[in-house]
Amino acid sequence: MQITDDLQKLIDILPIEIQQALDQHELRDSLVEVVMDLGRLPEARFPNRAEYLSQVPVSQEQLNDCIERVGHFGGDNRAGIERTLHRISAIRNRTGKIIGLTCRVGRAVFGTIDMIRDLVGTGQSILMLGRPGVGKTTALREIARVLADELNKRVVIIDTSNEIAGDGDITHPAIGRARRMQVSRPELQHQVMIEAVENHMPEAIVIDEIGTELEAMAARTIAERGVQLVGTAHGNQIENLIKNPTLSDLVGGIQAVTLGDEEARRRRSQKTVLERKAPPTFEIAVEMQERQRWVIHESVADTVDNLLRGKPPTPQVRTVGEDNKVTITQEQPAVKTARSNSSWQGGEEIIESNLTTMRSPGWRETGKMLPTPQVATGRISGVGEFDRLLEESFDRFGYSPTPGPNGEDLPLHIYPYGVSRSQLDQIIEVLNLPIVLTKDIDGADGILALRSHLKSHSKLRHIARVRQVPIHMIKASTIPQITRSLRRLLNMDEPGLGDEREMSLFSRNGSEDEMDALEEARLAVEQIVIPKGQPVELLPRSPKVRKMQHELVEHYHLKSDSFGDEPNRRLRIYPA
């Protein structure tokens, strides 16, 4: 890395006694800032320590002398030194008189963004997060230079405090060919952001410290106009932004949604849940935990959705070693040892609500069954309730192969009744589910039954009630319904659209004709029926293949019909 700091220009504005102390200091080149408060000893701060530079307290004359050597203090009480990146911040008393100065060293570090250079070139908007002093502004400066000089983009920097491109009217060479727009007053930053897009036709905009709701709205407007946005925000992690009502729009915004009974049962959740309101303004987020260790969220939307559903995200961790090589690893979150209280509420239909607690074989003799607490399903009321839901989202985790709510061990022992054994074996094998089919109802953790068969079998219902084994019913012995029921038994989420293992379940012999037909149905559902809400007609197929397509459509919770005469009989898929 190459570092440019113009340190001597900052030292020259300080009182003579402080200049002499710094010129002879062994850590001079790693100076972070100099603090001068009226009536107190001047202090120098270095990366790992701080020390006094003089035994004589700072006087008002010394402060006034420094103020005269720097530029004008703006509405944010910041000033600079022309053609440098240094920042001088003022502390005022109640009458507006300056009684303290923080003189911070500004450095241009070339090569500081090697960890995310591949992301900068994608054209996606990037949000930088981190504590003060971790290097956010330095990274922004380098990103602006790379975008302008190496990627040949039209770049405009919104420089509210003249901290990115330096003080004065002539920009610092560290930003390369990027242009800079100054802001007269901090509260007008959002207006200058919009003005930059409307007047100067940028391909990328760089903005430091997005901190107000107006600035967040301006950032969304810019991103929706197709301009790449690179900025920083207050907060160390994405969780901080989600909990910040002012800035949550940067990651899509959060809203409380009241679900219907069927949807709440399908999700295995309470009726009032939190969801992301809109697509995030920034597609990528970078948490700058240390100068050499950054956590990358390549899909902010997925991270926010996971957090709101109580699942830990799995971001990338990028570090730089002493040899300047970038190492990329995938962060694996810690898994909690308990599942949510409502994990056994999601079967297709559960007979006898007091039978929803389970243990491994042998628990019934111990008499130590614990009840599953009921989850409130009332409507949301007030900010306090919203905050409570938000906290609960971060405290819950998704499915993991661990003991259940009452200590039952995996694999689960399921007693099937009226359900195709071959289909069950196929699903368990293909999806690698921790389930064992048993013929012994005494050792079962649950019963999976076909509704039509169970209605005429009162003896089975009586045995289940006496032995406190929950019964999960399905309407038909089809792949989608069996798969859905098994997943809910294990408190697992529905798979992503187009999951290859799920697709293989619907094929009988895996022939090319079957796979083509299933792929045709999948693409029709995912690209037309669901996003556009339009019905779709598929190509003519044989009755056996059409049946597979019907099952696949049912997997997406959609309806389909066959129409026409053989051999041109084909499938029509309807939107929900």
Side-chain angles (χ1 to χ4, degrees), residues 5-22 25 31-47 49-107 130-134 136-137 158-169 182-192 208-215 232-235 244 246-247:
D5 57 15
D6 299 315
L7 180 58
Q8 191 58 47
K9 292 185 178 180
L10 178 67
I11 294 178
D12 288 343
I13 72 164
L14 302 174
I16 298 297
E17 299 84 354
I18 298 178
Q19 290 185 32
Q20 294 175 349
L22 286 174
H25 202 284
L31 179 67
V32 175
E33 61 187 12
V34 176
V35 174
M36 296 188 297
D37 291 329
L38 181 63
R40 304 179 69 176
L41 302 181
E43 182 180 349
R45 295 176 179 172
F46 302 96
R49 70 181 193 187
E51 59 183 71
Y52 294 121
L53 296 174
S54 172
Q55 296 304 313
V56 179
V58 175
S59 65
Q60 187 64 55
E61 291 74 14
Q62 289 177 317
L63 289 176
N64 293 339
D65 187 46
C66 292
I67 295 169
E68 292 176 359
R69 301 183 188 183
V70 300
H72 172 70
F73 284 92
D76 54 0
N77 281 317
R78 293 179 179 179
I81 303 172
E82 192 165 352
R83 303 296 301 274
T84 74
L85 303 173
H86 307 309
R87 185 181 75 188
I88 293 86
S89 302
I91 296 178
R92 300 178 184 268
N93 63 12
R94 297 175 65 181
T95 63
K97 184 179 180 181
I98 295 177
I99 58 172
L101 293 176
T102 301
C103 306
R104 187 167 185 175
V105 180
R107 292 183 171 91
R131 67 181 188 278
V134 79
K136 297 191 299 295
T137 305
I158 310 301
D159 206 358
T160 304
S161 302
N162 286 355
E163 190 176 2
I164 300 177
D167 203 50
D169 296 333
Q182 299 186 44
V183 181
S184 58
R185 300 199 310 274
E187 60 270 21
L188 300 180
Q189 177 171 283
H190 66 282
Q191 294 184 7
V192 180
D208 197 8
E209 294 186 7
I210 300 174
T212 68
E213 189 172 0
L214 288 174
E215 291 164 8
T232 65
H234 305 290
N244 186 336
T246 303
L247 300 181

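Hydrogens, waters and symmetry mates play no part in the numbers below; they use all other heavy atoms, side chains included.
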Exercise. Could you go step by step and tell me if Gln62 and Met36 meet the side-chain contact (heavy atoms from CB on, under 4.5 Å) rule?
Worked result: CA-CA 9 Å; Gln62 289 177 317; Met36 296 188 297; 5.8 Å; no

For this session: Check Ser59 against Leu38 and note the closest heavy-atom contact, atom names and distance.
Result: C-CD1, 3.7 Å

Seminar exercise, completed: CD of Glu187 to CG of Asp76, rounded to nearest 0.5 Å, is 9.5 Å

For this session: Please examine the side chains of Leu10 and Thr84, heavy atoms only from C-beta on, and report whether any two atoms are closer than 4.5 Å.
Result: no

Exercise. Within the side chain of His86, is there an N or O that forms a donor-acceptor pair under 3.5 Å with the backbone of Gly80?
Worked result: no

For this session: Under the side-chain contact (heavy atoms from CB on, under 4.5 Å) rule, what do Val58 and Arg40 come out as? Steps first, then yes or no, please.
Result: CA-CA 6 Å; Val58 175; Arg40 304 179 69 176; over 6 Å; no

Exercise. Considering all heavy atoms of both residues, which atom of Phe73 and which atom of Ala90 are nearest to each other, and what is their separation?
Worked result: CE2-CB, 3.6 Å

Seminar exercise, completed: What one should report as the nearest heavy-atom pair of Gly71 and Ala79 is O-CB, 3.5 Å

Problem set entry | Steps toward side-chain contact (heavy atoms from CB on, under 4.5 Å) verdict (Asp6, Leu85) | CA-CA 8 Å; Asp6 299 315; Leu85 303 173; 6.0 Å; no

Problem set entry | Distance, nearest 0.5 Å, that separates CD1 of Ile91 from CG of Asn93 | 11.0 Å

Exercise. When rounded to the nearest 0.5 angstrom, what distance separates CD in Gln189 from CD in Glu209?
Worked result: 8.0 Å

Exercise. Pick from Asp159, Thr160, Asp167, Asn162: which one makes a side-chain hydrogen bond (donor to acceptor under 3.5 Å, both in side chains) with Gln182?
Worked result: Asn162

For this session: Evaluate side-chain contact (heavy atoms from CB on, under 4.5 Å) for Glu17 paired with Val56, printing each intermediate quantity in order.
Result: CA-CA 9 Å; Glu17 299 84 354; Val56 179; over 6 Å; no

Exercise. Arg78 side chain to Arg87 main-chain N or O, any donor-acceptor pair under 3.5 Å?
Worked result: no

Exercise. Is the CD atom of Glu213 crowded by more than 12 outside heavy atoms at less than 6.0 Å?
Worked result: no

Exercise. What's the shortest heavy-atom distance between Val183 and Leu188, and which atoms?
Worked result: CG1-C, 4.0 Å

Exercise. Closest heavy-atom contact between Leu41 and Tyr52?
Worked result: CB-CD2, 3.5 Å

Exercise. Going from CD1 on Ile164 to NZ on Lys136, what distance comes out if it is rounded to the nearest 0.5 angstrom?
Worked result: 11.5 Å

Problem set entry | Side-chain donor/acceptor of Glu33 to backbone N/O of Arg45, under 3.5 Å | no

Exercise. Would you call Glu51 and His25 a side-chain contact if the rule is heavy atoms closer than 4.5 Å?
Worked result: yes

For this session: Would you indicate whether the side-chain heavy atoms of Ile88 and Cys103 approach each other to under 4.5 Å?
Result: yes

Exercise. Is the backbone N or O of His190 less than 3.5 Å from a side-chain atom of Glu215, with the two atoms forming a donor-acceptor pair by type?
Worked result: no

For this session: Could you tell me which non-hydrogen atom of Leu101 sits nearest to which non-hydrogen atom of Ile67, and how far apart they are?
Result: CD1-CG1, 4.3 Å

Seminar exercise, completed: d(Ile13 CD1, Cys66 SG) to nearest 0.5 Å is 5.5 Å

Problem set entry | CG-CD1 distance between Asp12 and Ile81, expressed to the nearest 0.5 angstrom | 8.5 Å

For this session: For Thr232 and Asp208, run side-chain hydrogen bond (donor to acceptor under 3.5 Å, both in side chains): C-alpha distance rounded to whole Å, both residues' side-chain angles, the deciding distance at 0.1 Å, then the answer.
Result: CA-CA 5 Å; Thr232 65; Asp208 197 8; 2.6 Å; yes

